[in-house]
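Sequence lines set the chain letters: A, B, ... in the order given, protein chains first and strands last, and positions in each chain run from 1.
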Amino acid sequence: MIELAEIHRDFLVGDQVVHALDDVTMTIESGEYVSIMGPSGSGKSTLLNLLGLLDRPTSGVYCLNGQDVTSLSDIEQAQVRNREIGFVFQMFHLVPRLTAAENVELPLILAGMLPERRKTKVADVLEDLGLADRSHHKPDQLSGGQRQRVAIARATVTEPRVLLADEPTGNLDHKSGTDVIRILEQLNERGITLIMVTHDPEMGQRARRQLRMIDGRLHSDVLNSDHVHHGNEAS
Amino acid sequence: MFITVMKLHSPDIAWFSWGALRGYPTRTWLMLTAMAIGVSAVVVLTSLGEGARLYVMDRFASLGTNLIIVFPGRSETAGINPTTMMGETPRDLTLNDALALTRSYKVRRIAPINVGSADVSYLSRSREVVVLGTTHEMLAIRHWELAQGKFLPAIDLDRASPVTVIGSKIRDELFGAERALGKWIRIGDSRFRVIGVMGSKGRSIGVDVQETIMIPIASAQQIFNTSSVFRILVEAKTREAIEPVKQFIIDTLQERHQGKKDVTVITQDAVLQTFDRILGALTYAVGGIAAISLAVAGILIMNVMLVAVSQRTAEIGLLKALGASPRQIIMLILAEAFMLSSLGAIVGFLLGQLGSWSIRYAFPDLPAYAPAWAIVIALAVAVITGLLFSLMPARRAARLDPVLALSGR
Ligand SMILES: Nc1ncnc2c1ncn2[C@@H]1O[C@H](COP(=O)(O)OP(=O)(O)O)[C@@H](O)[C@H]1O
Ligand SMILES: [Mg+2]
């Protein structure tokens, strides 16, 4: 379970303060499927980075599974990232010199898992995502859709409870984008909490819960097709 | 929340860092070269210094064992003494002085010598040659070897005898292919019979035995018309006996010279030690300079690693997103630096060994082997500077903001 309370994230640009996140409060239950939409620069990525512990809020409290994670040390946060959270990026971010299997293996290596267990886990995940025959290919030998599937395999090989995806289809054509979304949804059906930032309304509307950000504020929070205005909305 | 601390396994670190090194070959080669040049410089320069030291030491050692050399006059820097003040010339050493020095059980043997040059001829061939007047004992004192015949006979010091032992070069020049043993040659106005030819072993500082001819000292005194002795070589029985024998010589000669300390006694040990110190210091100095060049290579390493970190910003950000702790990032970068510098050190060591081998090949007389301490220091300095100078880039990598790193902002 994710609980955000009065989260602010300010950036200093020159001598100007940018409120990338402005008093965000919300709760996301385990196993939810949430899409975050909104115009460019509205703070979607900033919110996702905060949820993934890649960034710390300027103020506010973030509780993950009942624990306040904002007060954890760097090392503890790294461990939480490794075990509880999976990231999927728009740019894939695969290490070009490593094969697909080796890229997927990285988080397990960082977790200190022994090689034999790693190999079987990696093989299982790649098999699951239909990449078994691509496991020894380098990223530049793979299509965009395959690369993103490798990235998803890497994000889920540690069996995290939360999967964060920042515009996962942004660099893909429509067909492979839809494939990737289906894979993410299947993972969600098996119980993972899926939080996905997207530009594309068609993709975003597939989610059971849709958040809309505007100017760093949570503008709306829609469940199914019932449109519910968020309490923070001032105007 | 978590009690266990995540640990990277060393094979995994090695695998990852090795991959990173191979992924950026230019950088890798640059650093390898810098390290290798530094290490091989240390190895080659110290092997040169050490070779020179051993060469000189060897030459001095071949003068003889436990050797003490006596010559007339005080040459100590202690400076002004009554003799020089009065303008007196020091008293000469004599054969009787030499005889007196045999009267200590700590003295194994003595050999007085006289040196001069004289015309030596056989039939129509003639040349000017260094003539060494000495005794039977000289052969043993200087560890010389004979090629043919016998050395000077063991006769009383003051007995002249018309026999001579000649160097092999002299033999070649005077006799050519003809047999020299038993032939009579003319030295100055006297005739001497050749009874021996010196062997090739006998190169040493001072005289080249191959271009010398030797006759009994009493005969030499007649030819050069003198009653004095140029030097007395004394061999002590043991190394420990050198100092007491030196004192014995000083005391004996002072007594014989009416209480005047008018001789100089030097031990080969003292000479050796001086050279040893000077040349040893030289080796340390060149080794040190080369080691500094190695440390300078460290600055290059730091820059190269900084470039490496910024080249791989996205990768480091990714590792952080995957849950790498700052410590793990530092470990990975340091592992890279460690591999690079140890590889460079090993390559440099091999190059250096090749270099000193080439020196030995070009100058067979020079035992140019890098001393063990220099090799150990070169390798240690290489690896330590590699690590130290990568610490800053590694810290910078660990502090990278993953969000910025991944966004490429
Ligand atoms: N590291 C940063 N430094 C300065 N400004 C930033 C930084 N990250 C984000 N911002 C600003 O915060 C706002 C929200 O950015 P972002 O979360 O990336 O928007 P989105 O993902 O919705 O397009 C933007 O105005 C952006 O310029
Ligand atoms: Mg964004």
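In A/F11, the CZ atom is crowded: over 12 heavy atoms of neighbouring residues, nucleotides or ligands sit closer than 6.0 Å. Annotation for B/R396: atom CZ does not count as buried by contact number, only 12 or fewer foreign heavy atoms lying within 6.0 Å. Within a 6.0 Å sphere centred on CH2 of B/W373, other residues, nucleotides and ligands contribute more than 12 heavy atoms. Around OH of B/Y24, the count of heavy atoms belonging to other residues, nucleotides or ligands within 6.0 Å exceeds 12. Atom CG of A/D215 has 12 or fewer neighbouring heavy atoms from other residues, nucleotides or ligands inside a 6.0 Å radius. Other residues, nucleotides and ligands contribute more than 12 heavy atoms inside 6.0 Å of the OH atom of A/Y62. More than 12 heavy atoms of other shown residues, nucleotides or ligands fall within 6.0 angstrom of atom CD in B/Q311.
Chain B forms the most heavy-atom pairs under 4.5 Å with one residue out of A/R154, A/R97, A/R81, A/Q90, and that residue is A/R97. Of the listed residues (A/E102, A/E105, A/M91, A/Q77), the one with the most heavy-atom contacts under 4.5 Å to chain B is A/E102. Of the listed residues A/I85, A/L94, A/L114, the one with more heavy-atom pairs under 4.5 angstrom with chain B than any other is A/L114. Chain A forms more heavy-atom pairs under 4.5 Å with one residue of B/P11, B/G23, B/G19 than with any other, namely B/G19.
A side-chain hydrogen bond (donor to acceptor under 3.5 Å, both in side chains) check over residues 41-54 of chain A, counting only residues at least two apart or in different chains, returns the pairs A/S45-A/D166.
Taking all atoms of both residues into account, the shortest heavy-atom contact from A/P107 to B/L322 is CD-CD1, 4.0 Å. Shown here for B/A324 and A/A78, the closest heavy-atom pair between the two residues is O-CB, 3.8 Å. Smallest separation of non-hydrogen atoms from A/D74 and B/P326: CB-CG, 4.0 Å. Between B/P402 and A/L54, the shortest heavy-atom distance links the atoms CG-O, 3.6 Å.
Here A/L110 contributes atom CG and B/I329 contributes atom CD1; the two are 7.5 Å apart, rounded to the nearest 0.5 Å. One distance of note links CD of B/E315 with CG of A/L106; it measures 8.0 Å at 0.5 Å rounding.
B/L406 is not listed as a side-chain neighbour of A/F87, based on a closest heavy-atom distance of 4.5 Å or more. Put simply, the side chain of B/D12 reaches to within 4.5 Å of the side chain of A/R118, judged on heavy atoms.
For the pair B/H9 (side chain) and A/I109 (backbone), a donor-acceptor distance under 3.5 Å is absent.
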Does the side chain to side chain contact (heavy atoms under 4.5 Å, CB included) test come out yes or no for A/L98 and B/W15, once each step is laid out?
CA-CA 11 Å; A/L98 301 182; B/W15 166 77; 3.9 Å; yes
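Contact of B/L319 with chain A is made through backbone and side chain together, with heavy-atom distances under 4.5 Å. If you measure heavy-atom distances from B/R22 to chain A, you find no contacts under 4.5 Å at all.
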